[in-house]
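These notes are about the structure you will find just below.
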Amino acid sequence: MLNIAVIGATGAVGRECLALLDGGTLPVKRVTPVASARSAGRDLRAELGLALDAGPVVTLDGLETDGLDVAVLSAGAELSRREGRRLAAAGALVVDNSSAFRMEPDVPLVVPQVNPDALAARPPGGIVANPNCSAIQLVRALHPLHTAAGLESVVLTTYQAASGGGLRGLGELARDSRRALDDPTAAPEPGGPPGRFGQPLAFDLVPGIGLPDGSGFTHEERKLAREPRKILGLPDLRLTATAVRVPVFHCHSEAVHVRLREPVTTALVEDALAAAPGIRLYRDGYPTPRSVFATPRDRALVHVGRVRVEPDDPHAVWLWVVADNLRVGAALNALQIVETAVEAGWLR
């Protein structure tokens, strides 16, 4: 039975972790929610209606590490860099949801449906990185295609929901949408703090997520190019991305153009996707963020539709991929990492 700490428990991803641990398949003895001092003492078990054994929120300074088996970190890269290796050195398996360790050579970057062999043994440093939310759903759709016909290149555009900006991002979109509906000509509030997305998102698109580098690509786009290569074990895969923030509350969507080494048919691609665990294929119609977020079961799946093999090029395929970025793209993958470690036998 596992003692698990959820660090960043009051945030959007932390809440999802607690909800999934409640009645989930992991053998949980006790869960300790960890957050900042202003949240200390909160009873998230009561607030979220959970049945699991969870005490009140504690701070990191108050977290008892003796006997701690797993620490799930969802409080940002700065905190992860500061605390991740300390918690691992104390004996806990650290599953980190930030970008702090993803490209470190001694830290496996894991999507259990794609590269579970990365967890065949305990990582030397005791840390496993959870990939970028958009990268998780992407590689889960790409992996069956690579197995069937070999990946050559990927061109990706993401349409990322406000929930990628956490509870603050969701609140901003709701508030700004109401304000725009009340007065469509209203200008942004003067003198207010910078928005979570750099500018108001309501009824608009923001074609840039993260700071741009010298070449014009953003930090998010660089992550989307690097991380799939590591997860798929394809260091030379050509992949380029444009990341767009859209006025949708939940679920990221992706338009994915894939070039394969072997020629394929639409039927072959659809059959490969349909056979992949955790993927719902739409042979007719297509998924949307609202439909994916409608039920807990749908929120736990990667949804793929609009599969198109180009008529003049049987090596080229288009996909439309939608998934819940907080669940599939963060909390669920983190806990599936823990499950994979338990199944491998080195986490008990």
Side-chain angles (χ1 to χ4, degrees), residues 1-35 44-45 48 50-77 79-102 104 106-113 115-116 118-131 136 300 326-348:
M1 300 290 282
L2 300 174
N3 287 315
I4 300 177
V6 177
I7 298 169
T10 57
V13 175
R15 287 167 175 256
E16 286 291 333
C17 282
L18 293 174
L20 289 170
L21 286 168
D22 189 41
T25 59
L26 274 173
V28 178
K29 180 179 181 181
R30 184 169 177 79
V31 176
T32 303
V34 182
L44 291 178
R45 183 174 178 270
L48 302 176
L50 306 177
L52 55 77
D53 183 1
V57 172
V58 301
T59 65
L60 263 173
D61 290 340
L63 175 63
E64 178 55 62
T65 58
D66 187 31
L68 182 65
D69 299 299
V70 178
V72 180
L73 275 63
S74 303
L79 182 140
S80 293
R81 292 189 190 98
R82 188 174 69 243
E83 302 291 344
R85 295 199 184 275
R86 178 183 72 83
L87 291 168
L93 170 66
V94 172
V95 181
D96 182 52
N97 277 305
S98 80
S99 61
F101 304 108
R102 289 175 184 159
E104 294 291 328
D106 66 330
V107 175
L109 183 65
V110 178
V111 176
Q113 295 85 355
N115 60 336
L119 295 178
R122 189 182 186 96
I127 298 174
V128 180
N130 212 27
I136 290 172
L326 296 181
R327 186 156 289 196
V328 166
L332 181 60
N333 198 78
L335 298 184
Q336 287 173 336
I337 286 171
V338 179
E339 288 179 349
T340 303
V342 170
E343 291 166 0
W346 54 263
L347 180 63
R348 301 181 183 275

Problem set entry | R15: partners by side-chain hydrogen bond (donor to acceptor under 3.5 Å, both in side chains), with sequence neighbours left out | none
Exercise. side-chain hydrogen bond (donor to acceptor under 3.5 Å, both in side chains) with T25: which residues, sequence neighbours excluded?
Worked result: E339
For this session: First locate atom CG of L18, then atom CG of L52, and finally report the distance between them rounded to the nearest 0.5 Å.
Result: 6.5 Å
Problem set entry | Under 3.5 Å: donor-acceptor pair, side chain of W346, backbone of L119 | yes
Problem set entry | Sequence neighbours excluded - salt bridge (charged side-chain N to carboxylate O under 4.0 Å, His left out) pairs with any residue from residues 52-69 | R30-D53
Exercise. Knowing that exactly one of V111, V72, V128 qualifies, which makes a side chain to side chain contact (heavy atoms under 4.5 Å, CB included) with I337?
Worked result: V128
For this session: List in chain and number order the residues that pass side-chain hydrogen bond (donor to acceptor under 3.5 Å, both in side chains) with D22, two or more places apart in sequence or in another chain; answer none if no residue qualifies.
Result: none
For this session: Using the test salt bridge (charged side-chain N to carboxylate O under 4.0 Å, His left out), find all partners of R102 that sit at least two apart in sequence or belong to another chain.
Result: E227
Exercise. Got a second to check how far N115's CG is from L109's CG, nearest 0.5 Å?
Worked result: 7.0 Å
Problem set entry | By side-chain hydrogen bond (donor to acceptor under 3.5 Å, both in side chains) - contacts of R81 (at least two apart) | none
Problem set entry | Residue among D96, I7, I127 satisfying side chain to side chain contact (heavy atoms under 4.5 Å, CB included) with L87 | I7
For this session: Supply the atom-to-atom distance L20 CG to R327 CZ, rounded to the nearest 0.5 angstrom.
Result: 4.5 Å
